[in-house]
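Written out below as structure tokens is the structure these notes cover.
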Amino acid sequence: MTYRPDEHASAGDVTRRDFIKGGITAGVVAGGGVGAFYFGYSAALGSPVRVGVIGTGDEGCVLLGAVNPNFVQVVSIADIRPYNIWRAFHGDHSSEAALEARPGLMTTYGWKTEEEARRHVKVYGQYQELLENAKQDGLEGVIIALPLHLHAPCAVMAMRKGLHVLTEKLMAHSVYECKEMGRVSEDTGKLLATGHQRHYNVLYAQAVDQIRRGKLGDLHYIRAQWHRGNLPDRDSWKMPLPPKVKVGDDGSEIEPQTRDLLKKLDDSEKELARYGGAALESAMLRHQQLKMQVEDKILHEKDKDGKTLAEKYGYEAKQYSYTQDGKTIVYDRPAIEELIRWRLWDRTSAGLMAELGSHQLDAASIFIAAAHGGKKQKPLNVVAVGNRPLFPPDRDVEDHVYCIIEFPAPGYDEKDPQASLKRIGVQYASINGNGFGGYGELVFGTKGTLILEREQVATYDLGRAGAAASMRMGGGGGGPTMDTQASGAAGPAARGAAEKVSRGYQEEIEHWAWCIRNPAPENKPRCYPEVAMGDAIIALVTNTAAREGKRIEFKKEWFDIHSDETPEGVKPDVKRYNA
């Protein structure tokens, strides 16, 4: 029997709780791929959907690692960094966990050499090149994992080329861009999905089912966090620059990340003489990956016009100054730094709220919708604080963000003074400098509490006054995951469980492909434009509240794709993409 997250099992049927407890623990799902069974789509497509993958950095390679060849055939990729292209084919050999999350196309499709892989997969630099050749390559869709500021222009161009789109979260860098993307999707009839993978995580779907059944009682508070142990010179978002980008007067490397990269490269070369057999092959791959990271230096080389390749690709050099110990210090950021460390700059990213908070506030929205019988609710207001107490101006996004957002509870009526008090509070924090607690969500109800840990374990405490948990599901991390190495270690229960839980990356790609093969108004990705835009509005408006230090009321018009009202005050204009 097929179970859909918006249906209840009838009397006598196996419940979803039984499915989770029996299916996962018995190893039926074997580390993921439960989507076709659980979310109600068929495993048979007739033929895989031919796609291009645009952006093969950390998250792009995670998505490549989640590809099921029965659903998707990757026929082209695009990236301007040699390092990213290499990882797309060979995988990420920096650690065992990295390789599990990013195994590479050669492993996914069973190709023995990069030469063989390139006979199947064309390689482009800028995304425009891939899209211009889409018809010639027989593309049907594209997966976009570019820096945030490029989501809208790339997605719009792709849909106008006749391609379906799955783009990484956040949907776009601004709400007016989200509306433009949604309108182009409607105009072209092309599917537009956004990669908030919790919509396809079985543990979250199970939690929704429990909330809708009333197991937690009335919801009144949700608390979520994503804490990471990042500190200056030990920051997972401040990736190494290639050599000779930042050097002192004597020509020596001044960046500790670059010095560390060169030391790893030197050490890996020495290792080659000590290994043989399979160990030698692994060592050679690690060594080659480090060499390709150094090869990114080509993006910093200047042409006859005095511009670097990174600048020609649209990235910007900038200079910052700050005072430290009474001295004025100038921080030079070359264009290649904005490219490689794009999450640190507001022009290319939107900081912690976009990269981390959007996932968990999306989860909160899913839980609140469950309390309303499945109807998604618009937030009412937000207060927030953002600051940067740890890092110097080697970035312009915040170190810490804290916010409280109010949503309507069942029975809320803005016209009734008493009913208008029925609200659900959502508290969220994301900090650097201390990874205690990692990341997860707690959902508080009048009958019990739901605890979701690192997208892997769901615990229901249905007793009163701290009674023992009555149900615990999930286990050790399975399938691809995001960059969480600075989030602290998993707890003993998560590490000790035998079963694996798919986080939803594979299922979101499968379902998107299934919807392409089965066009019908009712067949659309679970995170379609209206849903994804709602998540973007929450994240982006929270940033504004934090930076301006004020409480902001959400306007209903912001959530209407056809309304020209936006939080930025900028009117959507799809014609500007014609230039």
Side-chain angles (χ1 to χ4, degrees), residues 5-6 8 15-17 20-21 196-227 356-380 382 402-412 422-430 437-475 490-491 493-494 501 503-504 526-527 531 534-535 538-539 542:
D6 55 352
H8 294 300
T15 66
R16 283 194 202 85
R17 176 177 171 178
I20 296 293
K21 291 175 69 179
H196 287 286
Q197 76 274 4
R198 281 169 175 78
H199 288 272
Y200 293 94
N201 184 310
V202 173
L203 288 182
Y204 284 78
Q206 172 68 7
V208 165
D209 188 65
Q210 294 297 315
I211 293 169
R212 292 184 66 172
R213 290 170 183 268
K215 297 294 185 181
L216 298 184
D218 296 329
L219 301 194
H220 50 90
Y221 176 59
I222 298 174
R223 189 177 78 208
Q225 71 171 51
W226 197 319
H227 293 173
L356 304 180
S358 63
H359 282 290
Q360 295 177 282
L361 293 175
D362 175 52
S365 297
I366 292 171
F367 298 145
I368 292 168
H372 285 264
K375 185 177 180 182
K376 190 171 177 70
Q377 300 296 302
K378 300 176 180 65
L380 300 170
V382 59
Y402 331 85
C403 66
I404 299 174
I405 303 172
E406 286 191 307
F407 286 81
Y412 173 86
K422 295 180 178 291
R423 303 183 181 197
I424 299 172
V426 177
Q427 179 182 344
Y428 178 73
S430 183
Y439 72 101
E441 302 88 37
L442 288 85
V443 184
F444 294 80
T446 55
K447 293 182 181 179
T449 307
L450 164 65
I451 306 161
L452 285 148
E453 305 170 63
R454 301 170 66 90
E455 303 174 78
Q456 301 170 38
V457 179
T459 304
Y460 294 84
D461 184 345
L462 302 180
R464 294 182 181 273
S470 63
M471 177 164 56
R472 189 174 181 85
M473 302 177 304
V501 176
R503 291 175 173 87
R526 297 171 64 78
C527 197
V531 174
D535 294 328
I538 294 172
T542 298

Next on the checklist: I'd like to check the ring pair (Phe, Tyr, Trp, His ring centres under 6.0 Å) partners of Phe367; sequence neighbours left out, ordered by chain and number.
Outcome noted: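 Residues passing ring pair (Phe, Tyr, Trp, His ring centres under 6.0 Å) with Phe367: Tyr204.
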Just wondering, do [Y] and [X] contact through their side chains at under 4.5 Å, heavy atoms?
| X | Y | result |
| --- | --- | --- |
| Arg526 | Tyr200 | yes |
| Gln197 | His359 | yes |
| Val208 | Ile366 | yes |
| Thr449 | Leu216 | no |
| Lys215 | Lys447 | no |
| Glu406 | Pro379 | no |
| Ile538 | Ser358 | no |
| Ile222 | Phe444 | no |

Next on the checklist: Could you check whether any side-chain N or O of Glu441 sits under 3.5 Å from a backbone N or O of Ala363, counting only pairs where one atom can act as donor and the other as acceptor?
Outcome noted: no
Checklist entry - For Ile424, does its backbone N or O pair with a side-chain atom of Tyr412 as donor and acceptor, under 3.5 Å? => result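 Checked: no pair found.
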Please name the pair of heavy atoms, one in [X] and one in [Y], separated by the smallest distance, quoted to 0.1 Å.
| X | Y | result |
| --- | --- | --- |
| His227 | Ser430 | CD2-CA, 4.2 Å |
| Leu203 | Glu455 | CD1-O, 4.1 Å |
| Gly217 | Thr446 | CA-OG1, 3.5 Å |

Item to check | Derivation of the side chain to side chain donor-acceptor pair (under 3.5 Å) call for Tyr428 and Gln225 | outcome: CA-CA 5 Å; Tyr428 178 73; Gln225 71 171 51; over 6 Å; no
Checklist entry - Given Val426 and Phe407, is the side-chain contact (heavy atoms from CB on, under 4.5 Å) satisfied, shown in steps? => result CA-CA 8 Å; Val426 177; Phe407 286 81; 3.7 Å; yes
Output the distance between atom [atom1] ([X]) and atom [atom2] ([Y]), rounded to the nearest 0.5 Å.
| X | Y | atom1 | atom2 | result |
| --- | --- | --- | --- | --- |
| Gln427 | Ile404 | CD | CD1 | 5.5 Å |
| Asn201 | His196 | CG | NE2 | 14.5 Å |
| Tyr221 | Leu219 | OH | CG | 13.5 Å |
| His220 | Asp218 | NE2 | CG | 8.0 Å |

Checklist entry - Mind checking whether Tyr439 and Trp226 have parallel, tilted or perpendicular rings, split at 30° and 60°? => result parallel
Checklist entry - How far apart are the C-alpha atoms of Gln360 and Arg198, what are their side-chain angles, what is the distance that settles it, and do they pass the side-chain contact (heavy atoms from CB on, under 4.5 Å) test? => result CA-CA 9 Å; Gln360 295 177 282; Arg198 281 169 175 78; 4.1 Å; yes
Checklist entry - Sequence neighbours excluded, which residues qualify as side-chain hydrogen bond (donor to acceptor under 3.5 Å, both in side chains) partners of Asp362? => result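 Only His199 meet the side-chain hydrogen bond (donor to acceptor under 3.5 Å, both in side chains) criterion with Asp362.
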Item to check | Steps toward side-chain contact (heavy atoms from CB on, under 4.5 Å) verdict (Thr542, Ile405) | outcome: CA-CA 9 Å; Thr542 298; Ile405 303 172; 3.9 Å; yes
Item to check | Steps toward side-chain contact (heavy atoms from CB on, under 4.5 Å) verdict (Thr459, Leu450) | outcome: CA-CA 6 Å; Thr459 304; Leu450 164 65; over 6 Å; no
Quick one: side chains of residues 368-378, donor-acceptor pairs under 3.5 Å with protein atoms, not counting sequence neighbours, listed by atom name and distance.
residue: His372; atom: NE2; partner: Pro408; partner atom: O; Å: 2.8
residue: Gln377; atom: NE2; partner: Lys375; partner atom: O; Å: 3.0

